[in-house]
Amino acid sequence: MAIRIEHTIDNQTQAPEGAKKLFIKSYGCQMNVYDAVRMGELMKPHGYAMTENLAEADLVVLNTCHIREKADNKMFSDIGRMRDATGGKALIAVGGCIGQAMGEDIMKRAPEVRVVFGPQTLHRLPEFINKAGLSGKGRAVDTEFPELEKFDALPLPGAYGPTSFVTIQEGCDKFCTYCVVPYTRGHEISRPAEHVLNEVRHLAGLGVKEVCLLGQNVNAYEDGDVDFVDLINKTADVEGIERIRFTTSHPNNMTDRLINLFAEQEKLMPYLHLPVQAGSNKVLKDMNRNHTAEDYLAVIEKLRAVRPDIAISGDFIVGFPGETEEDFEKTLMIAAATDYASAYSFKYSPRPGTPAAAMTNQIPDEVSSERLAGLQALLNDQQEAFNATFVGKETTVLVEEKTHIEGQLRGRSPHNIAVNFDGNERLIGHTIRVKITASKPKSIIGEIVLNDMQQSA
Ligand code: 5AD
Ligand code: SF4
């Protein structure tokens, strides 16, 4: 998706008159979406304004994802498309995880690409552009891993509505056998708590009410004696912050302290994204997940004991090498036992350089496709049923934006469900009460509760 910067409520870093135009396309995870916004902000003082119109772009950045093969292929087909759409006049740069993983090879496969960099050096983008020359013929590649340098070098972020991501941790030391993240994003590193809190205070000052703490293994956060629970509590103490979420968590880092926080910290929203990937202990072992299906279910049970209404979300991979029909049945069973509010599921995609790609018992694509369809049918039913439980009830909504329907607004409930309702756009940025009147597969619909004093905001 192209990142829109024009909704900024931070006017301090407007690009100058006659600015050059920057088009960013981001693929993959939320970390990438966040990085793309940061790149836009980084380039502003260098005279670049964001555009959504490829034809007028001077600089095109493809902020790529390497997690599944599909994302790789998409990037290579997009490069040619973008070269044509810009009439060959824009500098094309590849950032993100493919940049990190493939480096120089991208230049060989795609001669139109003149700059390649990875997620850890995106702050050096102005330097790369200088080196390659915006309208010259030079080229620059950088796939270094300078830990934390990026965070010190980036300007404080802008706000683009009442919710914002804040990266607190990056990288992964878990080395699941199917996954490229430890290779593309590097080791687990945590940002200093004081830096994170500064950023949260800054965002709150710009009107942000909800922050989502972001990291590949967010609940492995640690800065000296400040652990993840401490960081959440400190974030909750920042004036103006009403809601806190975090993503993505690993089951092995779900400490009792963190689980109990869902009962104790009222600003922590009752929603948790906790991937399990598979339900068979044999597959989990081959994936190097270091937990069993029972361990995962024990965490879910504890969470529900302290916070019965918690919405659980997850990730699944089907068709991992060696997965038998019986193994897959166990995935269906763990999904049924967890009863997800929403979940993502993927067909296993072999990634070059990962241990699973070298496993000899790969599963035929038709088998994986069939399993994926079966799992998704179950997960969709669960989501629909979860959404339906809210009909007739009231929920709070932090109003985020107008929808494309005249007079309609959209926000999120504490359980992270998109809520659509009619209302005045002045309500954007306010937390209001909405009575849910209907549910859909992926969202719920409601009416503003009018006898609420808040509504006069
Ligand atoms: N193939 C398919 N899905 C994958 N994921 C990670 N690596 C792969 C792969 N090689 C999924 C996992 C992870 C999510 C971000 O992407 O489910 O949680
Ligand atoms: Fe990848 Fe596993 Fe690390 Fe998640 S925990 S980023 S799936 S290696």
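Counting starts at 1 for both ligands and their atoms, following the listed order.
- Nearest protein heavy-atom neighbour of atom 11 (C) of ligand 1: R68 NH1, 3.2 Å.
- The closest heavy-atom contact to atom 9 (C) of ligand 1, among the options G314, A357, C179, S349, comes from S349.
- Proximity of F346 to ligand 1, defined as any heavy-atom pair under 4.0 Å, is confined to the side chain (atoms from C-beta onward).
- A distance of 4.5 Å separates CZ in F262 from CG in L272, rounded to the nearest 0.5 Å.
- Nearest non-hydrogen protein atom to atom 15 (C) of ligand 1 is D315 OD2, 3.8 Å.
- Here is the list of ligand 2 atoms found below 4.0 Å of a heavy atom in H250: 5 (S).
- Less than 4.0 angstrom separates some heavy atom of K347 from each of these atoms of ligand 1: 1 (N), 2 (C).
- Of the charged side-chain nitrogens involved, none lies within less than 4.0 Å of a carboxylate oxygen, so that R191 and D223 do not count as a salt-bridged pair.
- For the residue pair T324 and D327, a side-chain donor N or O sits within less than 3.5 Å of a side-chain acceptor on the partner.
- F117 contributes atom CZ, which lies 9.5 Å from atom CG of D142 (distance to the nearest 0.5 angstrom).
- At the top of the distance list for atom 7 (N) of ligand 1, counting protein heavy atoms only, stands Y178 CD1, 3.3 Å.
- The six-membered or imidazole ring of F246 lies near that of F228, with a centre-to-centre distance under 6.0 Å.
- Of the heavy atoms in Q277, only side-chain atoms (C-beta onward) come closer than 4.0 Å to ligand 1.
- Here the side chains of R371 and L375 are not in contact, with every heavy-atom distance at 4.5 Å or above.
- Look at R185 and E170 and you find a salt bridge, because one of the NZ, NE, NH1 or NH2 atoms lies within 4.0 Å of a carboxylate O, short of that distance.
- The presence of a protein heavy atom under 4.0 Å from atom 4 (Fe) of ligand 2 is ruled out.
- Checked against a 6.0 Å centroid threshold, the rings of F316 and Y348 do not count as neighbours.
- With salt bridges taken as basic N to acidic carboxylate O contacts below 4.0 Å, none links K44 and E41.
- For ligand 1, the polar-atom distance check against Y348 finds no nitrogen or oxygen pair separated by under 3.5 Å.
- Counting only protein N, O or S atoms, 1 lie closer than 2.8 Å to atom 1 (Fe) of ligand 2.
- Among T248, I67, V180, the residue whose heavy atom lies closest to atom 6 (C) of ligand 1 is I67.
- Residues I300 and L274 have side chains in contact (heavy-atom distance under 4.5 Å, counting atoms from C-beta outward).
- For a threshold of 3.5 Å applied to N or O pairs, the pair formed by R351 and ligand 1 contains no separation below that value.
- The closest side-chain heavy-atom distance from T396 to P414 is below 4.5 Å.
- When ring centroids are compared, H415 and F390 come within the 6.0 Å threshold.
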